[in-house]
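Written below as structure tokens is the structure these notes are about.
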2 protein chains.
Amino acid sequence: MDNIGEADMKYTNQRVEIIAFLREHKGHPTVDEVYDGVRKKLTRISKATVYKNLKFLSQKGLLEEVNVKGVTRFEANFVPHHHLICRKCGKMDDFQSEELFDYSMKIAEDIEGFSIDSMSTNFYGICKQCKEDTING
Amino acid sequence: MDNIGEADMKYTNQRVEIIAFLREHKGHPTVDEVYDGVRKKLTRISKATVYKNLKFLSQKGLLEEVNVKGVTRFEANFVPHHHLICRKCGKMDDFQSEELFDYSMKIAEDIEGFSIDSMSTNFYGICKQCKEDTING
DNA sequence: ATTCTAAATGATATTCATTATTATTTAAGA
DNA sequence: TCTTAAATAATAATGAATATCATTTAGAAT
């Protein structure tokens, strides 16, 4: 079995496939996208199982839940990273910057009343595709 | 009438009160909290009107919509700021740092394919209250 | 001030993402 | 292999958010 963590839980095919799918698809899939993807390998999986496991695995710290424009998405990328979010289409890309991470965490040291353990920056703007769409009508 | 922007729209009592409420309550209220608050002044306001206006005013750029732990919240704070988010209770506090804003936007200049116009940092950790609750049982 | 009308509201119905329920199945330890 | 708590599949239930539509109103025109 592929090691997907040491948490106290059963390593069912459903969980293994859900995590594998998210590791192969970095584009912050929605529940339905995970469901459709995993169903190619486990044709009989229930959508309720996908919902329960995405929530369960997020609580266990094996996944991360994000929300853009009211849509819930999931990712399994645990290298500290930031997000580029398009105001128009809602697309969310990852963006790596150790420099920004380090700087931000240093700022966080001075914050009182909150024990900060991680951070992530959201950059907002318009993606290349949407800009082109606007120009071309 | 208090100036709440120059957008092309009717300045109804409902909209004025919703914006006023959010300016007086910086704690990122939920739809229900806005509804309960505004109802003290406009007892006959419909919750559908609150929903419609929160969405409408967000699209007009007069409010901002945020999501924590699957709960939608709104704010009217347009001074650039960051968020302190408690992993346990979901509380979201604002945190100001012009320094961090400037640094991040400078990093953003080098990003290609996205025209960045704003940013906000989310810091994750445990708030004072939750830490005390953990210690005291 | 009065009239006019597109826009907004209130009340309610509807939608649909998410959660709960429950009988059945299964992972993993004895 | 046996045992059992945990997980799954199928489906029902919930509830946040949206749509519908008759009524009202902000703001412009007369």
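In what follows, chains carry the letters A, B, and so on, assigned in the order in which the sequence lines appear, proteins first and then strands, with residues in each chain numbered from 1.
Look at NZ on Lys55(B): it is 12 Å from C1' on dA16(D), rounded to the nearest Å. The CD1-C1' distance, from Ile45(A) to dA7(D), rounds to 11 Å in whole Å. Protein atom OH of Tyr51(A) is 17 Å distant from nucleotide atom C1' of dT21(C), rounded to whole Å. Residue Lys60(B) contributes atom NZ, which lies 13 Å from atom C1' of dA8(C) at whole-angstrom precision. The distance from atom CZ of Arg73(B) to atom P of dA16(D) is 13 Å, rounded to the nearest whole Å. Distance Leu54(A) CG to dA17(C) P: 15 Å, rounded to the nearest Å. Atom NZ of Lys41(B) and atom C1' of dT9(C) are 20 Å apart (whole Å).
Considering only side-chain atoms of Asn13(B), the nucleotide from dT20(D), dT18(C), dA26(D) that sits closest is dA26(D). Considering only the side chain of Lys52(A), dA9(D) comes nearest among dT9(C), dA17(D), dA9(D). Checked against dA28(C), dA19(D), dA10(D), the side chain of Arg44(A) finds its nearest nucleotide in dA10(D). Among the nucleotides dT18(C), dG10(C), dA9(D), the one closest to the side chain of Thr72(A) is dT18(C). Distances were taken from every side-chain heavy atom of Ser46(B) (C-beta onward) to each of dA11(C), dA7(D), dA9(D); the shortest belongs to dA11(C).
Counted within 6.0 Å of NZ on Lys41(A), heavy atoms from surrounding residues, nucleotides or ligands total 12 or fewer; the atom is thus considered open. The environment of Lys128(B) atom NZ is sparse: at most 12 non-hydrogen atoms of other residues, nucleotides or ligands sit within 6.0 angstrom.
Geometrically, Arg15(B) engages Phe56(B) in a cation-pi contact defined by less than 6.0 Å to the ring centre and at most 45° from the axis.
Checked by atom type, the side-chain pair Asp133(A)/Gln129(A) shows a donor-acceptor distance below 3.5 Å.
Remark: Gln14(B) is not in phosphate contact with dA26(D), judged by side-chain N or O atoms under 4.0 Å from OP1 or OP2.
To the nearest 0.5 angstrom, Leu62(B) atom CG is 11.0 Å from Leu22(B) atom CG.
If you check every strand for non-hydrogen atoms under 4.0 Å, Thr12(A) touches sugar and phosphate atoms only.
A donor-acceptor contact under 3.5 Å links the side chain of Lys10(A) to the base of dA6(D).
Nearer the 5' end of DNA chain D, as judged by each residue's closest nucleotide, is the contact made by Asn53(A), out of Asp32(B) and Asn53(A).
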